[in-house]
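Naming convention: chains lettered A, B, ... in sequence-line order (proteins, then strands); numbering from 1 in each chain.
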Number of protein chains: 2
Amino acid sequence: MDSKIFNLKAKLEVYKAMTNGGNFADCPVRDVIQGISGKWSSLLVMALAEKPYRFGELRRLVPDISQRMLTQTLYDLQRDGYVHREVFPTKPPSVEYSLTDLGRSMFAPLQMLVQWAELNHDAVRAARAAFDAAQA
Amino acid sequence: MDSKIFNLKAKLEVYKAMTNGGNFADCPVRDVIQGISGKWSSLLVMALAEKPYRFGELRRLVPDISQRMLTQTLYDLQRDGYVHREVFPTKPPSVEYSLTDLGRSMFAPLQMLVQWAELNHDAVRAARAAFDAAQA
DNA sequence: CGGGATCCATAGTGATACTG
DNA sequence: CAGTATCACTATGGATCCCG
């Protein structure tokens, strides 16, 4: 099979998916990706991929997230079905967050992206520096 | 090999990469991912993956992007080394945008994410609807 | 044609203080 | 412990007008 034709076909498929065949206003792919493209969403999913955590544990695990953003991001992840929230009626109460099957299914594609980022961040930073130098 | 141990190791690796081993303030992975997580960045990369386009062509191709965001997103993508910008001194001038090798390298991981989103958007929307119904 | 400049609305993010 | 509430600030995105 001609790999060039195959590649172009794949590219068109992906672009078509991202544009919902012209219906930009209501594109499912963009809708889903929007939901996980927040500053903390992917990070928390990756943390919970290891094992379930309680609220305070997550706070200590990710020291630079504010309480507000942790609450809000977990809420959004729960709403979209990625995270399960279980309240244990102890005193004081404890709440455990874990990934659902849907949340776990996100791991593989996210891992690809992270590995790509890890592999290319030097090139990106070099390009950025060269670009800024050329502008000055 | 025990796949469970392997999976946990992979998860820890990815999380470690996303947290820069504790140095959250300057994490390369998050820096790179931030750069492509804009509303239009990935869409334009996927469009240019097919073939180079001129400014006006891109505008018509993605009708719901504003002129400002098209200009700015292309500028950012160029700055990070994903997009090459070539000016043809015709009259009136024409400007062609194309992917660099770095930009092309983004296609595969992005494709994974898009396919995952396509496969799971029904589940996400169902979860969202159920969650909202439960809240009401 | 391919932008730049300006103004404005909204969403995202954070600091702080308070609560069941 | 696990949040809520409030406020302030910044980033993102869009509309409009202008220009070489």
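- When heavy atoms are screened at a 4.0 angstrom cut-off, Gln72(B) is found touching no nucleic acid atom at all.
- Residue Arg54(B) is in sugar-phosphate contact alone, with no base atom involved, counting any heavy-atom pair closer than 4.0 Å across all strands shown.
- One interatomic measurement links the two molecules: CD of Gln67(A) to P of dT13(C), which rounds to 17 Å at whole-angstrom precision.
- As judged by a 4.0 angstrom heavy-atom cut-off over every strand, Tyr97(B) is placed among residues touching the sugar-phosphate backbone only.
- What separates NZ of Lys39(A) from P of dA11(C) is a distance of 19 Å, to the nearest Å.
- Counting any heavy atom pair closer than 4.0 Å across all strands shown, Phe88(A) reaches no nucleic acid atom.
- Remark on DNA chain D: of its neighbouring residues Gln34(A) and Arg60(A), the 5'-side contact belongs to Arg60(A), judged by nearest-heavy-atom nucleotide.
- In this structure, Leu102(B) is a member of the same hydrophobic cluster as Met106(B), with clusters built from ILVMFWY side-chain heavy atoms closer than 4.5 Å.
- In this structure, CE of Met69(A) is placed 15 Å from P of dA11(D), rounded to the nearest angstrom.
- The CD1-P distance, from Ile65(A) to dG3(D), rounds to 13 Å in whole Å.
- Relative to the side chain of Ser66(A), the nucleotides dC1(C), dC1(D), dA15(C) differ in distance, and dA15(C) lies closest.
- Nucleotides of DNA chain C nearest to Pro92(A) and Gly38(A) differ in position, and the one nearer the 5' end is that of Gly38(A).
- Listed for the Thr71(A) side chain is a donor-acceptor partner under 3.5 Å among the backbone atoms of Gln67(A).
- Between its opening and closing five pairs, the helix from dC1(C)-dG20(D) to dG20(C)-dC1(D) changes axis direction by 50°, a value rounded to 10 degrees.
- Just one of Leu44(B), Leu77(B), Thr73(B) meets the side chain to side chain contact (heavy atoms under 4.5 Å, CB included) condition when paired with Val83(B); it is Leu77(B).
- Taken to the nearest 0.5 Å, the CG atom of Leu113(A) stands 4.5 Å off from the CD1 atom of Ile33(B).
- In this structure, of dG14(D), dG3(D), dG3(C), it is dG3(C) that holds the atom nearest to the side chain of Val95(B).
- The OH-C1' distance, from Tyr75(A) to dT4(D), rounds to 13 Å in whole Å.
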What's the verdict on salt bridge (charged side-chain N to carboxylate O under 4.0 Å, His left out) for Arg59(B) and Asp64(B), showing C-alpha distance, side-chain angles and the deciding distance? CA-CA 8 Å; Arg59(B) 253 191 108 171; Asp64(B) 63 341; over 6 Å; no
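- We find that CZ of Phe55(B) is positioned 6 Å from C1' of dG2(C), with the value rounded to whole Å.
- Between the Glu57(A) side chain and the Arg54(A) main chain, a donor and an acceptor come within less than 3.5 Å of each other.
- Going from atom CD of Glu57(A) over to atom C1' of dA2(D) covers 13 Å, rounded to whole Å.
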Check step by step if ring-ring contact (aromatic ring centres under 6.0 Å, His included) holds for Tyr75(B) and Tyr97(B). CA-CA 10 Å; Tyr75(B) 182 90; Tyr97(B) 294 89; over 10 Å; no
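- Arg68(A) has its CZ atom 18 Å from the P atom of dC18(C), to the nearest Å.
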